[in-house]
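A short worksheet on the structure shown next.
Values reported hereafter were calculated over all heavy atoms of this structure, with side chains retained and with hydrogens, waters and symmetry mates removed.
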Amino acid sequence: MKVAIVHNNEAKTLEVTERLVALLTQAGIKINEKNPELVISVGGDGTLLSAFHRFNHRLNEVRFLGVHTGHLGFYTDWRDYELEELVDSLLTTREQSVSYPLLDVRISYTNDQPDKHFFALNESTIKRANRTMVADVYIKDELFESFRGDGLAISTPTGSTAYNKSIGGAVIHPSINAFQLTEIASLNNRVFRTLGSPIVIGQDEWVEIKLENTEDYLVTVDQLDVAKGHIHSIYYRIAKERIHFASYRHMHFWHRVKDAFIGEG
């Protein structure tokens, strides 16, 4: 097995990473940062997002596994004090995998700039810097609504527990191959009217957001700022590709939700 390790630079994480590398080497597991079969992230969910974007060109060839050095995260099955058990599982347990949907994001421009293409594990957002955003929302090439407000968030099922939840979106189980469109502070009055509720879009449908021609759009894909300037439209659908997590031990999604937001009471 060839393993790559992605980590943040916090002191505790660096210590954990050093111990993990020593245990992997002792077990005869090769560290290969260029062509791994397994990518282990050490840190938090943000670190795993970084690992995903680093290796998302090899989604059919790699599995991901997260080690958390803080509180339990949505993408991390192992804690920093379980390294010996983790390495033993790599050697003795038959690997299974669980896969999650990804968001396919394509950005087109009003000028001659080439289109940009991204995958999102959590979400993509569209906002303007200091003014109301004006956009037409198309579903399967038909105009659904004209939006005015602070912005729009488009999330995957696993990303539904992140920014999407904080703006009133629903939490969606990752077994549902769909994505969600949620408004950010929409402007609704007698002149401007939107649905005002999150929309869940199926795997055979797509959304295109056509934007007013201006320079100050801010577009994110997960934690990355990916586009500014004269954007014509942004196209979203569920990607054909999926992310695969190595399931030596995988926590049930609703247990993660309860642990993160409700606790044991």
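- Ion pairing of K12 with D80 is present here, as a side-chain N (NZ or NE/NH1/NH2) and a carboxylate O approach within less than 4.0 Å.
- To the nearest 0.5 Å, atom CZ of residue F179 and atom CG of residue L102 are 13.0 Å apart.
- Among the candidates T220, T182, I184, N122, the single residue satisfying the side-chain contact (heavy atoms from CB on, under 4.5 Å) test with Y163 is I184.
- Applying the salt bridge (charged side-chain N to carboxylate O under 4.0 Å, His left out) rule to pairs touching residues 206-219 yields R128-E212, R128-D216, sequence neighbours excluded.
- Between F55 and H53, the distance from one ring center to the other does not fall under 6.0 angstrom.
- No cation-pi contact links K258 to F253, judged by a cut-off of 6.0 Å to the six-membered ring centre and 45° from its axis.
- For the atom pair OG of S233 and OH of Y138, the computed distance is 10.0 Å after rounding to the nearest 0.5 Å.
- Judged purely by distance below 3.5 Å, without hydrogens or angles, the side chains of N188 and R148 never pair a donor atom with an acceptor atom.
- Considering only heavy atoms from C-beta on, E145 comes within 4.5 Å of E183 through its side chain.
- Under a 4.0 Å N-O distance rule, the pair E33/R54 qualifies as a salt bridge.
- Counting only N and O atoms by type, the side chains of T132 and D150 include no donor and acceptor under 3.5 Å apart.
- Between Y235 and S108, every side-chain heavy-atom pair lies at or beyond the 4.5 Å cut-off.
- Inspection of the W206 and D104 side chains reveals no N or O donor paired with an N or O acceptor under 3.5 Å.
- One finds the OG1 atom of T17 at 5.0 Å from the NE2 atom of H7 (value rounded to the nearest 0.5 Å).
- Distance CG/L48 to CG/L121: 7.0 Å, rounded to 0.5 Å.
- Between the side chains of E10 and T69, not a single donor N or O lies within less than 3.5 Å of an accepting N or O.
- For F245 and Y100, the gap between ring centers is short of 6.0 Å.
- Counting non-hydrogen atoms of other residues, nucleotides and ligands closer than 6.0 Å to CG of N60 gives a total of 12 or fewer.
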